[in-house]
Each structure stands twice: as C-alpha cells, then as structure tokens.
Amino acid sequence: MNNARLNERGQITIPKKIREQTDIGPNDHVTIKVNDQGQIVIAKRDFFDDLNDLIRRDLVSEGVASYE
C-alpha cells in the first residue's frame, strides 16, 4: 500500500511506483470518482473515454440527449 498526503491546496502526488505500474505520466488525464464503499478511485483515461465524451457532447448539442 502507498500513502499520500493532501497539501494545503487539496492536491496529492500519485506515488512514482503507482504511476509506473499504471503508465500514468505528465499531461495524462485521469478520472476520479467515489465508489459505493466511499473509496476514491483514480483511473487513467484512454482513447475510448475521450471518444465517449465527444459523442456525448455532440448528442447534447443536437438536443438528442442530456449530459448525464
């Protein structure tokens, strides 16, 4: 298990070992959510996440769907 501490601005640094294991690097985008157990989950975004967002935004702009 790795530990991290929030700084005064509410930021954390993902430990190097975790970044290496997950191939997260500078300028990568991550998704942060809270699961049903109240745990914070951080996941690296991939091409399909970005594609999904583009499609969703297009559907919203066309009035076909809401953003949720």
Note to self: Can you list everything that forms a side-chain contact (heavy atoms from CB on, under 4.5 Å) with N35? Sequence neighbours excluded, please.
What the structure shows: Q37, Q39, V41

Checklist line | Non-neighbouring partners of R9 that pass side-chain contact (heavy atoms from CB on, under 4.5 Å), sequence neighbours left out | finding: N7, Q11

Next item on the list: Answer yes or no: are there more than 12 heavy-atom neighbours, outside L6 itself, under 6.0 Å from its atom CG?
Entry: yes

Notebook entry, point to check: Quick one: side-chain hydrogen bond (donor to acceptor under 3.5 Å, both in side chains) partners of N2, sequence neighbours excluded?
Noted result: none

Checklist line | side-chain hydrogen bond (donor to acceptor under 3.5 Å, both in side chains) involving E8 - partner list, sequence neighbours excluded | finding: none

Note to self: Give me each pair satisfying salt bridge (Lys or Arg N to Asp or Glu O under 4.0 Å) with a member in residues 21-38, each pair once, sequence neighbours excluded.
What the structure shows: D23-K44, D28-K44

Side-chain polar contacts of residues 12-21 - donor-acceptor pairs under 3.5 angstrom, sequence neighbours left out - could you list them?
| residue | atom | partner | partner atom | Å |
| --- | --- | --- | --- | --- |
| R19 | NH1 | I14 | O | 2.4 |

